Amino acid sequence: AAVPALRASCKNLCHRHQLFINFQDLGWHKWIIAPKGFMANYCHGDCPFSLTTSLNSSNYAFMQALMHTVDPEVPQAVCIPTKLSPISMLYQDNDDNVILRHYEDMVVDECGCG
Amino acid sequence: FQLREYVFLQFLGLDKVPSPQKFQPVPYILKKIFQDQEAAATTGVPPNMCYVKELGVPGNVLRLLPDQGFFLYSKKLSQASPCLQKLLYFNLSAIKEKEQLTMAQLGLDLGPRSYYNLGPELELALFLVQEPHVWGQSTPTPGKIFALQSVPWPQGALYFNLPDVAKDWNDNPRKNLGLFLEILVKEDRDSGVDFQLEDTCARLRRSLHASLLVVTFNPEQCPPSSRKRR
């Protein structure tokens with residue numbers, strides 16, 4: 001029989017949070033031509049057992065969450081990105097070269113318990 | 001923060017924070033590729049980051065290298081002597097070892113296209129420099145010729161694809177002695193327009209802007225596209 005999981009309020013559950021990276025905040029606007037910043041986002045929140053059966057989680061997260069309910073010594077599954085996308089950056093290096101480069105896995109599109 | 005910044009810079013392929021004195025002009029083609037990638041990202045369809053469809057070549061890093069060469073001045077300007085002689089040099093050291101060069105395009109911007117103050121017709125010759133410049137020698141020994149063409153002036157930008165030369169320079173940096181550009185003014189007796197040679201050449205020197213667009217492909221960042229599962 002499934003052990004009744006504590007009802008975690010939705011807002012604490014694992015989900016994607018917005019995070020805008022403004023290059024000016026980092027002082028990088030002096031050499032990054034474009035973009036001025038980008039929406040990177042991040043994952044945060046609890047992964048109770050009930051969630052691992054619904055959210056796009058992995059099997060091992062399901063087993064780990066199950067074992068956590070039996071033995072709290074086993075850590076809970078964690079909230080991680082499950083879908084990422086790249087961005088392109090236009091910047092200037094120390095030799096005055098203008099460089100356009102693509103970077104994988106810079107934006108978090110979806111989160112899940114892993 | 002400095003440590004994390006250093007790690008991020010390494011990730012960008014940089015060894016320290018760039019501190020450009022002034023931003024170089026960004027050519028239309030780089031802006032267009034950047035905007036196309038941004039537009040594709042908003043559609044949710046992940047764009048292919050390892051193929052530059054606007055140029056039709058594989059690549060995930062595009063670099064516009066500014067010309068670091070210098071003008072050569074001939075003693076006396078005459079109709080027969082070249083109006084402009086320039087050694088063009090491009091520093092390819094930013095290209096990392098494991099990157100494969102897939103395209104190298106020389107851009108010669110002769111100044112804005114305009115049909116009002118028409119200049120004389122120009123004869124443009126582009127050579128590969130294959131011997132080191134001997135001091136005191138007025139011009140480098142021109143090697144293999146790349147281009148010899150007449151262009152009406154003002155012409156805007158001219159483009160020359162030099163993949164093999166750039167690959168050779170990248171593989172053997174010592175061979176990178178640059179290119180030698182020579183522009184003559186073609187006398188046009190029947191136009192009846194008298195061009196002041198000095199002014200014409202001075203205007204040409206002011207407006208000439210050379211750059212090398214290099215596209216490279218990093219196999220470590222661009223795994224061979226996995227075969228589509230049936």
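What you are looking at is a predicted structure, and each value in this text was computed from that prediction instead of being measured. Throughout, a chain's letter reflects where its sequence line sits, starting with A, and its residues are numbered from 1. These values consider heavy atoms only, across backbone and side chains, with no hydrogens, waters or symmetry-generated copies.
- Across every non-hydrogen atom of B:L30 and A:L100, the tightest pair is O-CD2, 3.8 Å.
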Run the side-chain contact (heavy atoms from CB on, under 4.5 Å) check on B:Q221 and A:H102 step by step: do they pass?
-> CA-CA 10 Å; B:Q221 293 160 1; A:H102 309 314; over 6 Å; no
Check step by step if side-chain contact (heavy atoms from CB on, under 4.5 Å) holds for A:W31 and B:L14.
-> CA-CA 12 Å; A:W31 53 279; B:L14 295 166; 3.6 Å; yes
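- Within residues 34-45 of chain A, the residues having any heavy atom less than 4.5 Å from a heavy atom of chain B are, in residue-number order, A:A34, A:P35.
- Separating the CD1 atom in A:I99 from the CG atom in B:L62 is a distance of 10.0 Å, to the nearest 0.5 Å.
- Atom CD of B:Q10 is surrounded by more than 12 heavy atoms from other residues, nucleotides or ligands within 6.0 Å.
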Please lay out, stage by stage, how A:E104 and B:M49 fare under the test side-chain contact (heavy atoms from CB on, under 4.5 Å).
-> CA-CA 8 Å; A:E104 296 290 349; B:M49 298 303 232; 3.6 Å; yes
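- For B:P25, the part lying near chain A is the backbone, with the side chain staying farther off; criterion is any non-hydrogen pair under 4.5 Å.
- Put simply, of A:D96, A:V107, A:D95, the one with the most heavy-atom pairs under 4.5 Å next to chain B is A:D96.
- Only the side chain of B:L9 comes within less than 4.5 Å of a heavy atom of chain A; its backbone N, CA, C and O stay farther away.
- More than 12 heavy atoms of other residues, nucleotides or ligands lie within 6.0 Å of NZ in B:K96, so this atom counts as buried by the packing criterion.
- The environment of B:Y28 atom OH is sparse: at most 12 non-hydrogen atoms of other residues, nucleotides or ligands sit within 6.0 angstrom.
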Chi angles and distances behind the side-chain contact (heavy atoms from CB on, under 4.5 Å) call for B:V26, A:L90 | CA-CA 9 Å; B:V26 179; A:L90 200 51; 3.7 Å; yes
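- For residues 16-24 of chain B, heavy-atom neighbours of chain A at less than 4.5 Å comprise B:K16, B:V17, B:P18, B:S19, B:P20, B:K22, B:F23, B:Q24, sorted by residue number.
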